[in-house]
Amino acid sequence: CYLINELKERGVYYWIDQTCSRRVFPDDGIDAFGIGAGLKGPAYYNEKAIDIQKNFSEMLLTYPNPYMGGMTLAEDPAMAMIGLNNEFSISSYDLKTKMDDPARDDDYYDELCQKFSAWLLKKYQTRAALEAGWGTRQAERYSWDLGLQSGESLPSGGTPGYVEVFQGPGDKYYSRSCYSAARCSDVEKFFADIMRAYYTERIQHLRSMGVQCAITGSTAFSAVQPP
């Protein structure tokens with residue numbers, strides 16, 4: 001509080017990031033597996049992780065600064081900009097390597113693959129249409145141009161589907177670069193939609209608290225920015 005006031009008194013405008021290597025603590029109420037060192041990854045799409053970020057923003061931006069006569073940061077015209085998520089783009093973060101545990105069926109990577117499957121169902125409507133768009137070439141060692149795999153599925157009858165986002169089916173020789181061009185394109189479009197939805201929710205929340213300054217999405221290269 002004191003520093004912010006001193007900067008303001010000297011005509012210095014300031015920028016505040018909202019999520020910046022934020023650690024996960026036991027009382028946060030979410031699983032810290034794979035994200036204990038910064039809330040990266042699911043910060044963009046897991047509802048509880050997003051709620052944690054929104055709660056922090058409320059505490060930070062609505063706290064009355066005693067050195068500024070009780071003015072909050074949200075009200076302060078000297079706050080030039082807010083960054084929502086510092087140095088992080090979901091499209092350049094390998095969630096599978098960092099967050100996929102073969103012994104678990106409910107980790108953050110699995111959640112993302114289920115969301116991707118639901119996104120694909122909305123776009124293609126049927127498995128046959130998805131296979132026609134992506135192709136059906138199956139994975140063999142050092143193979144390329146991979147399409148929809150036999151073990152991947154779309155949601156059906158209330159059962160969530162599962163389509164890999166980052167890597168091929170359980171083999172260290174595969175990566176996203178092995179996918180067909182159409183599949184790679186859909187992955188990137190899915191990521192863009194995830195980030196836009198996150199930015200929209202976060203910006204609306206900040207505006208509801210009275211934040212008037214400019215808001216940017218992420219300082220990371222390759223990150224989609226707010227609409």
Side-chain angles (χ1 to χ4, degrees), residues 1-93 95 99 108 111-112 115 118-119 189-227:
C1 291
Y2 177 78
L3 174 61
I4 292 296
N5 183 63
E6 290 299 303
L7 292 172
K8 183 176 179 179
E9 290 294 321
R10 289 162 174 75
V12 178
Y13 290 81
Y14 58 91
W15 164 318
I16 293 183
D17 282 322
Q18 297 301 289
T19 301
C20 184
S21 297
R22 199 277 198 193
R23 297 189 65 83
V24 176
F25 299 97
D27 60 354
D28 284 327
I30 66 171
D31 189 354
F33 174 76
I35 59 171
L39 202 64
K40 302 298 187 184
Y44 270 119
Y45 63 87
N46 178 269
E47 290 185 8
K48 289 184 178 180
I50 293 174
D51 285 343
I52 288 173
Q53 297 169 78
K54 291 164 70 174
N55 183 56
F56 171 77
S57 293
E58 289 182 15
M59 292 189 293
L60 175 66
L61 300 174
T62 64
Y63 180 78
N65 190 332
Y67 297 98
M68 298 193 304
M71 178 183 291
T72 67
L73 293 181
E75 300 166 333
D76 190 1
M79 184 167 65
M81 183 172 285
I82 283 177
L84 294 176
N85 203 308
N86 181 59
E87 295 185 352
F88 171 55
S89 166
I90 195 171
S91 65
S92 59
Y93 194 76
L95 284 164
M99 300 179 193
Y108 293 115
E111 179 185 355
L112 187 64
K115 287 181 178 293
W119 184 92
K189 291 174 182 176
F190 168 67
F191 286 156
D193 282 352
I194 287 284
M195 286 188 278
R196 289 192 188 99
Y198 168 82
Y199 293 145
T200 297
E201 181 176 353
R202 295 296 314 278
I203 290 172
Q204 289 176 347
H205 180 245
L206 294 176
R207 296 300 187 209
S208 73
M209 293 187 288
V211 172
Q212 298 297 318
C213 70
I215 301 173
T216 189
S218 174
T219 54
F221 177 75
S222 80
V224 174
Q225 294 301 327

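- Taken from OG1 in Thr19 to CD1 in Ile52, the straight-line distance is 10.0 Å, to the nearest 0.5 Å.
- Taking all atoms of both residues into account, the shortest heavy-atom contact from Ala32 to Val24 is CB-CG1, 3.8 Å.
- Once rounded to the nearest 0.5 Å, the distance linking NZ of Lys54 with CD of Glu47 reads 9.5 Å.
- By the side chain to side chain donor-acceptor pair (under 3.5 Å) test, Tyr13 pairs with no residue at all, sequence neighbours left out.
- Between Ala43 and Ala49, the shortest heavy-atom contact is CA-CB, 4.2 Å.
- One finds the NE2 atom of His205 at 14.5 Å from the OG1 atom of Thr200 (value rounded to the nearest 0.5 Å).
- Side-chain contact between Ile4 and Met79 is absent, with no heavy-atom pair separated by less than 4.5 Å.
- In this structure, Glu9 has no salt bridge (Lys or Arg N to Asp or Glu O under 4.0 Å) partners at least two apart in sequence or on a different chain.
- None of Ile82, Leu73, Leu84, Leu206 except one satisfies the side chain to side chain contact (heavy atoms under 4.5 Å, CB included) rule with Ser57; the exception is Leu206.
- Residues Tyr2 and Leu7 fail the side-chain proximity criterion, which asks for heavy atoms closer than 4.5 Å.
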For the pair Trp119 and Lys189, evaluate side chain to side chain contact (heavy atoms under 4.5 Å, CB included) and give the outcome as yes or no after the intermediate values. CA-CA 10 Å; Trp119 184 92; Lys189 291 174 182 176; 3.9 Å; yes

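- The existence of a salt bridge linking Lys48 and Asp51 is excluded, since no basic side-chain nitrogen approaches an acidic carboxylate oxygen closer than 4.0 Å.
- With no hydrogens or angles considered, a side-chain donor-acceptor pair links Glu111 and Asn46 at under 3.5 Å.
- Between Asp17 and Arg22 there is no salt bridge, since no side-chain N of the basic residue sits under 4.0 Å from a carboxylate O of the acidic one.
- Pro26 pairs by the side chain to side chain contact (heavy atoms under 4.5 Å, CB included) definition with nothing, not counting sequence neighbours.
- Considering all non-hydrogen atoms of both residues, Ala74 and Met209 come closest at CB-O, 3.7 Å.
- Nearest heavy atom pair, residue Met71 against residue Pro77, reads SD-CD, 4.2 Å.
- Tyr198 pairs in a side-chain hydrogen bond (donor to acceptor under 3.5 Å, both in side chains) with only one of the listed residues (Glu201, Arg196, Arg202), which is Arg202.
- For the side chain to side chain donor-acceptor pair (under 3.5 Å) condition, the pairs that include at least one residue of residues 70-81, sequence neighbours left out, are Lys8-Asp76, Tyr14-Asp76, Thr72-Glu75.
- Interatomic distance, Leu60 CG to Asn55 CG, rounded to the nearest 0.5 Å: 11.0 Å.
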With a 3.5 Å cut-off and sequence neighbours excluded, list the donor-acceptor pairs that the side chains of residues 61-68 form with protein atoms.
from	atom 1	to	atom 2	distance (Å)
Thr62	OG1	Glu58	O	2.3
Asn65	OD1	Tyr67	N	2.9
Asn65	ND2	Cys1	O	3.1

Would you sort out whether Asp28 and Phe25 count as a side chain to side chain contact (heavy atoms under 4.5 Å, CB included), showing the intermediate values? CA-CA 5 Å; Asp28 284 327; Phe25 299 97; 3.7 Å; yes

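- Listed here is the closest heavy atom pair of Ser218 and Tyr44: CB-OH, 3.8 Å.
- In this structure, Phe191 has its ring center at least 6.0 angstrom away from the ring center of Tyr45.
- Closest non-hydrogen pair, Tyr199 versus Gly217, comes out as CE2-CA, 3.3 Å.
- Contact of the Asn85 side chain with the Gln18 side chain is not registered, since no non-hydrogen atoms from C-beta on lie closer than 4.5 Å.
- Contacts of Lys115 classified as side chain to side chain donor-acceptor pair (under 3.5 Å), with partners at least two apart in sequence or in another chain: none.
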